[in-house]
Novice: 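Let me give you the structure first, and then I'll get to my questions.
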Amino acid sequence: TGKFSTSSASSSCTGCSPGTYVPEKGATFCLTADPGFFVREAGASEQVPCPAGKLSVGGAAMCTPCTVGEYQPSSAQSACRLALPGYIANATDQTACPPGSFSAGSGGTNCSLCEKGTFTSLEASTSCGSAQPGYFVQSEGATVEMACPAGRIAAGSGSQTCANCSLGEYAAASESASCTLADAGYY
């Protein structure tokens, strides 16, 4: 096995080249390795499945690793899968980005931390949301927004800090997005 003869009258056999094989004696030609399989050695009698995380096209002498951003959890495959948005890929699987981070597109290779002023509390996020008015996020990778305390405000969305009200103004409640002008005689 692993060899063939082009003629039944021939007394010698030729070994199949890498990427091809002969599973039984008496063959007159070599079989090409199927997609998802490989044949490394010359004169082989069987093809071998590519392991998880690798692929091959027909006639392969070796398997090729999945490219960056792709994965393949099964053996004997001819293609790898692109990581979904919100996930990152290693060779054999995809992993959800943890809360506080995201991966925007398909084929992600790393999760990006949410920037200051933004957050996400969900796994597998494709983006981070801005802190709403009256709230702030002061650090990268945040999973929650924080309410501005009474006397301080965050006027717009995406605030990284809370601001003090100007002299003659106040914010009586927490979560304030604006200050109120103090009545005459008050400050």
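The figures here come from the full heavy-atom set of this structure, side chains too, leaving out hydrogens, waters and symmetry mates. Keep in mind that what you see is a predicted model, and the values were worked out from it rather than measured.
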Novice: List the residues meeting side chain to side chain contact (heavy atoms under 4.5 Å, CB included) with P51, not counting sequence neighbours, and say none if there are none.
Specialist: K54, C63

Novice: Considering residues, nucleotides and ligands other than Q132, do more than 12 of their heavy atoms fall under 6.0 Å from its CD?
Specialist: yes

Novice: Any idea which heavy atoms bring T143 and S121 closest together, and the distance?
Specialist: O-CB, 3.2 Å

Novice: Do S125 and T120 have side-chain atoms, one donor and one acceptor, less than 3.5 Å apart?
Specialist: yes

Novice: If you round to the nearest 0.5 Å, how far is CD of E115 from OG of S139?
Specialist: 12.5 Å

Novice: For C66 and A91, which heavy atoms make the closest approach, and how far apart are they?
Specialist: SG-O, 4.0 Å

Novice: Looking at T20, T32, D34, which one forms a side chain to side chain donor-acceptor pair (under 3.5 Å) with Q47?
Specialist: D34

Novice: Looking only at atom types and distance, does a side-chain atom of S174 sit under 3.5 Å from a main-chain N or O of A147, one as donor and one as acceptor?
Specialist: no

Novice: Quick one: pull up OH in Y170 and CG in D183 and give me the separation to the nearest 0.5 Å.
Specialist: 6.0 Å

Novice: Got a second to check how far C16's SG is from E41's CD, nearest 0.5 Å?
Specialist: 13.0 Å

Novice: Using side-chain heavy atoms (C-beta onward) and a distance below 4.5 Å, is S103 in contact with N110?
Specialist: no

Novice: Would you name the heavy atoms of F102 and C97 that are closest together and state the gap between them?
Specialist: C-SG, 3.8 Å

Novice: Between I153 and A171, what is the shortest heavy-atom contact and its length?
Specialist: CG2-CB, 3.8 Å

Novice: If we only count heavy atoms from C-beta on, is the P73 to R81 side-chain gap below 4.5 Å?
Specialist: yes

Novice: Which distance, rounded to the nearest 0.5 Å, do you find between the CD of E145 and the OG of S157?
Specialist: 10.0 Å

Novice: Any heavy-atom pair between the side chains of S176 and R152 that's under 4.5 Å?
Specialist: no

Novice: Could you go through the side chain to side chain contact (heavy atoms under 4.5 Å, CB included) check for V68 and T109 one step at a time?
Specialist: CA-CA 7 Å; V68 175; T109 57; 2.8 Å; yes

Novice: Has the side chain of Q72 got a donor or acceptor atom that lies under 3.5 Å from a matching backbone atom of Q77?
Specialist: no

Novice: In the structure I gave you, are the side-chain heavy atoms of Q94 and L84 within less than 4.5 Å of one another anywhere?
Specialist: yes

Novice: Answer whether the closest heavy-atom distance between the side chains of C162 and P149 falls below 4.5 Å.
Specialist: yes

Novice: Does Q138 form a side chain to side chain contact (heavy atoms under 4.5 Å, CB included) with K116? I'd like the steps, not just the answer.
Specialist: CA-CA 5 Å; Q138 64 184 8; K116 292 179 181 181; over 6 Å; no

Novice: Do V57 and P35 come close enough that some side-chain heavy atom pair is under 4.5 Å?
Specialist: no

Novice: Looking at F136 and Q160, what are the two nearest heavy atoms and their distance?
Specialist: CD1-O, 3.6 Å

Novice: List the steps and the verdict of side chain to side chain contact (heavy atoms under 4.5 Å, CB included) for V48 and F38.
Specialist: CA-CA 5 Å; V48 179; F38 72 103; 3.6 Å; yes

Novice: Ignoring hydrogens, what is the shortest heavy-atom contact between S78 and L55? Give both atom names and the distance.
Specialist: O-CD1, 3.8 Å

Novice: Quick check: is L31 connected to V39 through a chain of hydrophobic side chains (ILVMFWY, heavy atoms under 4.5 Å apart)?
Specialist: yes

Novice: Please determine, by modelled atom types, if E70 and T67 share a side-chain donor-acceptor pair under 3.5 angstrom.
Specialist: yes

